[in-house]
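Just so it is clear, the structure is predicted and the values come from calculations on it, not from any experiment. Scope of the values below: all heavy atoms of this structure, side chains included, with no hydrogens, waters or symmetry mates. Per chain, numbering begins at 1; letters A, B, ... match sequence-line order.
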2 protein chains.
Amino acid sequence: MKKYIPILKNTKLFSGISEEEINTMLSCLQAKLCTYKKGEYVLRQGEYIDNIMVLVEGKLHIQRDDYWGNRSIINMVGVGEMFGEAYAAPESGALMNDVLAVEDCAVLFFDVKRIITVCPAACRFHSMVVQNLFFAISEKNRQLMQKLGCMSRRTTREKLISYLSEEAKRHNSSSFSIPFNRQQLADYLSVDRSAMSGELCRMRDDGLIEFDKNRFTLL
Amino acid sequence: MKKYIPILKNTKLFSGISEEEINTMLSCLQAKLCTYKKGEYVLRQGEYIDNIMVLVEGKLHIQRDDYWGNRSIINMVGVGEMFGEAYAAPESGALMNDVLAVEDCAVLFFDVKRIITVCPAACRFHSMVVQNLFFAISEKNRQLMQKLGCMSRRTTREKLISYLSEEAKRHNSSSFSIPFNRQQLADYLSVDRSAMSGELCRMRDDGLIEFDKNRFTLL
DNA sequence: TCATTTCCGTTGTAAAAACAACAGACTTGT
DNA sequence: ACAAGTCTGTTGTTTTTACAACGGAAATGA
């Protein structure tokens, strides 16, 4: 577990907290480490959790499959990112989505109650973690609204432009790699893969974008 | 301002706090009351805020209009509900959406910093408000994911079924009124109004639902 | 009460997406 | 190195949606 402390130091949750202090808090918060192989589910829709998770290795998808097998990728989780925080509140109900390991993963589980209630030992930086958690949820909230803004577009082309623009803004560059292959991007935008593939090529022919595999450039 | 204390008592933010204590906190948190006529904007996309707002009278829409004039209603805000909490964090950037009064409204503004930092007078129930705020954001988060689940449906019919099912679940009844007219519902689901209107009638003919104006019944 | 506006369903047409099926390029694992 | 599998773009067909325009019903307001 200790080998992940440098990673935790750079997460939103432990921002501003030193490695030694993180080490102390890991036991204070009773963190548990679990590993998953590519393709395994970390959490399944319908489960109840009282943990907040931090991904310290690999890549995850928050996703959902409907009756007809249509997959919808809600979000991508990279190393250092938190997930499950929406279920931090008591009585938050069952998970709505699956969490799938798309690469071999390592995940740290933290007991929510131990985070949001003052710990008996009164860790010096406990209250800072609470505030960090608060800001992180707030940011996640904005991300979700951004995705809603993207999903509310009518056509595939508009969705693509919206998504690619956001990615360009996020990378501070008109050239960037995306964390999805074509099928995953289609699932993320909730459109048909082949239709999207065609639309991407049409956008390239129209001189809007260039791309090679997962690398895109906005023109 | 005092006349709204009974309303505040029943909000998520002030849950578990007595009316007298709320009265004390209103000054402690330096609350400000603003009123808006139907059709006025409470907040506009691009603004920067450091407040959390509670609607104490009327009805609001969180929405966004794109270049082409397509309106997309992100969320509906009713009396007692909070909004703007996603921008509670510092450096949370400019507002992504407009907030429109769809009825005459009264809104209470609270300074975020005064909520999340311990107040000088150390109000007895300040920490409870912080936790309430935390849970409220967490719940908003789940609501957004639920809407994403709805928006990720491919067809208008699936979106309608998804939305109406959630409403039925929320009302604990297969018969309920929705807070939208047809155009607003179409904007909320990001579909064409006339196409949606037709689909609703087809669903009625197929024996899936019944409706009269804003009142729907699932069969 | 009457005129005006808003709301809702309907229709027809054009545009777009979903779906299915396929072939070539590329990866992966043995 | 080779076989199997995956990923991507392409095409054609069917289904669905968007758009525009209209009429009647209901609500609003002077």
Results of ring-ring contact (aromatic ring centres under 6.0 Å, His included) for A/Tyr188 - residues two or more places apart only
A/Tyr163, A/Phe180

Restricting to pairs with a member in residues 84-102 of chain B, which pass side-chain hydrogen bond (donor to acceptor under 3.5 Å, both in side chains), not counting sequence neighbours?
B/Glu85-B/Lys140

Residues 35-45 of chain B side chain polar contacts: donor-acceptor under 3.5 Å, at least two apart:
residue, atom, partner, partner atom, Å
B/Glu40, OE1, B/Lys37, N, 2.7

Using the ring-ring contact (aromatic ring centres under 6.0 Å, His included) criterion, which residues pair with A/Phe176? Sequence neighbours excluded.
A/His171

Could you pull out all residues at least two apart from B/Phe135 that satisfy ring-ring contact (aromatic ring centres under 6.0 Å, His included)?
none

Below 4.0 angstrom, N of the basic side chain to O of the carboxylate: do A/Arg157 and A/Asp206 qualify?
yes

Listing time: all N or O pairs from protein to nucleotides 14-18 of chain C that are below 3.5 Å?
residue, atom, partner, partner atom, Å
C/dA17, OP1, A/Thr156, N, 2.3
C/dA17, OP1, A/Thr156, OG1, 3.1
C/dA18, OP2, A/Asp192, N, 2.9

Can you list the residues that meet the side-chain hydrogen bond (donor to acceptor under 3.5 Å, both in side chains) rule with A/Thr217, with sequence neighbours excluded?
A/Ser175

Whole-Å distance between C/dC7 P and B/Phe180 CZ?
14 Å

Test of understanding: with ring-ring contact (aromatic ring centres under 6.0 Å, His included), list the residues that count as partners of B/Tyr4, not counting sequence neighbours.
none

Per the end-axis method with five pairs at each terminus, what is the bend angle of the helix from C/dT1-D/dA30 to C/dT30-D/dA1, to 10°?
60°

Mind listing the N/O atom pairs, protein and nucleotides 27-29 of chain D, below 3.5 Å?
residue, atom, partner, partner atom, Å
D/dA27, OP1, B/Lys213, NZ, 2.7

B/Phe216 has an atom CZ; how far is it from atom P of C/dC8, in whole Å?
9 Å

Does A/Ser138 have any side-chain hydrogen bond (donor to acceptor under 3.5 Å, both in side chains) partners at least two apart in sequence or in another chain, and if so, which?
A/Arg142

Under the side-chain contact (heavy atoms from CB on, under 4.5 Å) rule, collect the residues that match up with A/Ala94, sequence neighbours excluded.
A/Tyr48

